[in-house]
Amino acid sequence: MTIQWFPGHMLETKKWLHQSAAKADVIMEMLDARIPVASENPWMDKISRNARRVKILNKIDLADPRVTEQWLTYFLKHGNARAIAINATDKSQAVRALEYAIEGVSCNRARKRKIMVVGIPNTGKSTFLNTLVGKKIAKTGNTPAITRHQQRTSLPNNIDLYDTPGVLWPVIEPPQRAYALAVTGAISDAALDFQDIAWFAAGLLLSRYPEQLKARYPFLDPIPDDEAGLLEQIGAARGCLKAKGQIDYHKAATVLIQDFRSGKIGKISVETPFDTSDDKEKNSDPTFE
Ligand SMILES: Nc1nc2c(ncn2[C@@H]2O[C@H](COP(=O)(O)OP(=O)(O)OP(=O)(O)O)[C@@H](O)[C@H]2O)c(=O)[nH]1
Ligand SMILES: [Mg+2]
């Protein structure tokens, strides 16, 4: 699926990373814990072969804790990098991730340890920096492509930390991956059909998190069988109506997506290690049985 949303600063950041990443001691790849594989930029693997790589599964407060545990086990077994799961708005967790990333990386007064925080948009790279420093020195926001230029900040203990703009790639395959990115807010809402994003979220919630749906939307009685039914009931109950009382599906989609992104529906993981396994075609994920 080709995404018609690749702002110019992403290309500039790619070039800068190509030239500069070789000097990094550590590359921290900020992932979204709800989609730890979909949020990996395949291109990032190519930028530095020498630096230590650390995967940060961020936003664990929004992800299903059972699934986050499964991901950590998965990365321990299959990963080419260390992995740690955090909530970057929490100081002690951010410090723990930094210490984990630099453990054993030597430095001296003349040579600081260079850490680059990289990843796709909206995963919490700038938030991580702000939390470490204890004040808002980098702009953050819940829409993608907030940071437009890389920024170096000196931290105690001989560390230079680089916050970098989120980078995507223009052709995202399979389409499910594009929807997983969009539903978590990593791609601009304008890049895909908004109702399709809501349809994807509805399918996921109905099949894997029906109890959370029921808790958030008590008017669902019974839980609808399909995506259209869910959006219709949300639209009717929340007054998302057009002329002559027809359901305004775009408004209903907005309610569902906003509730999902803000965590109001609960802690939801969009992908599990099972989704990436060969058993996927044959069975359903035992986590949700
Ligand atoms: N719930 C939750 N929200 C977080 C966490 N970390 C970051 N956020 C929020 O996620 C949104 C994006 O954070 P940013 O730090 O701007 O993300 P970024 O990776 O720098 O994004 P770009 O600069 O666009 O690449 C903001 O609304 C943050 O408040 C977290 O651990 N949990
Ligand atoms: Mg940023």
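Every number for a ligand or one of its atoms is a count from 1 in the order of the listing. Position 1 is the first residue of the sequence, and the numbers go up from there.
Look at T127 and the Mg ion (ligand 2): no N/O/S atom of the residue is under 2.8 Å from the metal. Among the atoms of S126, an N, O or S atom falls under 2.8 Å from the Mg ion (ligand 2).
Proximity to N87 (heavy-atom distance under 4.0 Å) selects the following atoms of ligand 1: 30 (C), 31 (O), 32 (N). Shown in contact with G166 at under 4.0 Å from a heavy atom are these atoms of ligand 1, numbered in order with element: 25 (O). Close approach of ligand 1 to S126 is summarised as follows: ligand atoms under 4.0 Å from at least one heavy atom of the residue are 15 (O), 20 (O). For ligand 1, the atoms closer than 4.0 angstrom to any heavy atom of P144 are 24 (O).
Ring orientation note: the planes of F288 and Y209 are nearly perpendicular, at an angle over 60° on the 30°/60° scale. Classification of the W71-F75 ring pair by plane angle, with boundaries at 30° and 60°, yields parallel. Taking the six-membered ring where tryptophan is involved, the planes of W16 and Y162 are tilted, since the angle between them lies from 30° to 60°.
An N or O contact shorter than 3.5 Å links T123 to ligand 1 by distance. Every N/O-N/O distance between P121 and ligand 1 stays at or above 3.5 Å. Considering backbone and side-chain N/O of N58, one or more are found under 3.5 Å from N/O of ligand 1. On a distance-only criterion, L62 and ligand 1 share no N/O pair closer than 3.5 Å. Checked by distance only, ligand 1 and I60 stay at 3.5 Å or farther apart across all their nitrogen or oxygen atoms.
At the shortest separation from atom 1 (N) of ligand 1 among protein heavy atoms lies D61 OD2, 2.7 Å. Annotation: atom 12 (C) of ligand 1 to nearest protein heavy atom, N122 OD1, 2.7 Å. From the protein, the heavy atom lying nearest to atom 8 (N) of ligand 1 is K59 CE, 3.8 Å. From the protein, the heavy atom lying nearest to atom 23 (O) of ligand 1 is T147 OG1, 2.8 Å. Closest to atom 17 (O) of ligand 1 among all protein heavy atoms lies G124 N, 3.1 Å. The closest protein non-hydrogen atom to atom 19 (O) of ligand 1 is K125 NZ, 2.6 Å.
In terms of modelled atom types and a separation under 3.5 Å, the side chain of K91 and the main chain of L132 share a donor-acceptor contact. Judged by distance alone, with hydrogens and angles left aside, the side-chain atoms of S262 form a donor-acceptor pair with the main-chain N or O of D259 at under 3.5 Å. Side chain of R113 to backbone of S106: no donor-acceptor contact under 3.5 angstrom is found. Judged purely by atom type and a 3.5 angstrom limit, D248 has no side-chain atom pairing as donor or acceptor with the backbone of C240. Not a single donor-acceptor pair under 3.5 Å links the side chain of K125 to the backbone N or O of P165.
A 4.5 Å side-chain heavy-atom check between I223 and K214 finds at least one atom pair inside the cut-off. Considering only heavy atoms from C-beta on, K15 stays 4.5 Å or farther from H18 through its side chain.
The pair R66-D285 does not count as a salt bridge, with every side-chain nitrogen at least 4.0 angstrom from each carboxylate oxygen.
Among A145, G141, A138, A88, the residue whose heavy atom lies nearest to atom 26 (C) of ligand 1 is G141. Comparing T127, V167, I146 against atom 7 (C) of ligand 1, the shortest heavy-atom distance belongs to T127.
Tracing side-chain contacts under 4.5 Å through hydrophobic residues (I, L, V, M, F, W, Y), one never reaches V67 starting from I86; they form parts of separate clusters.
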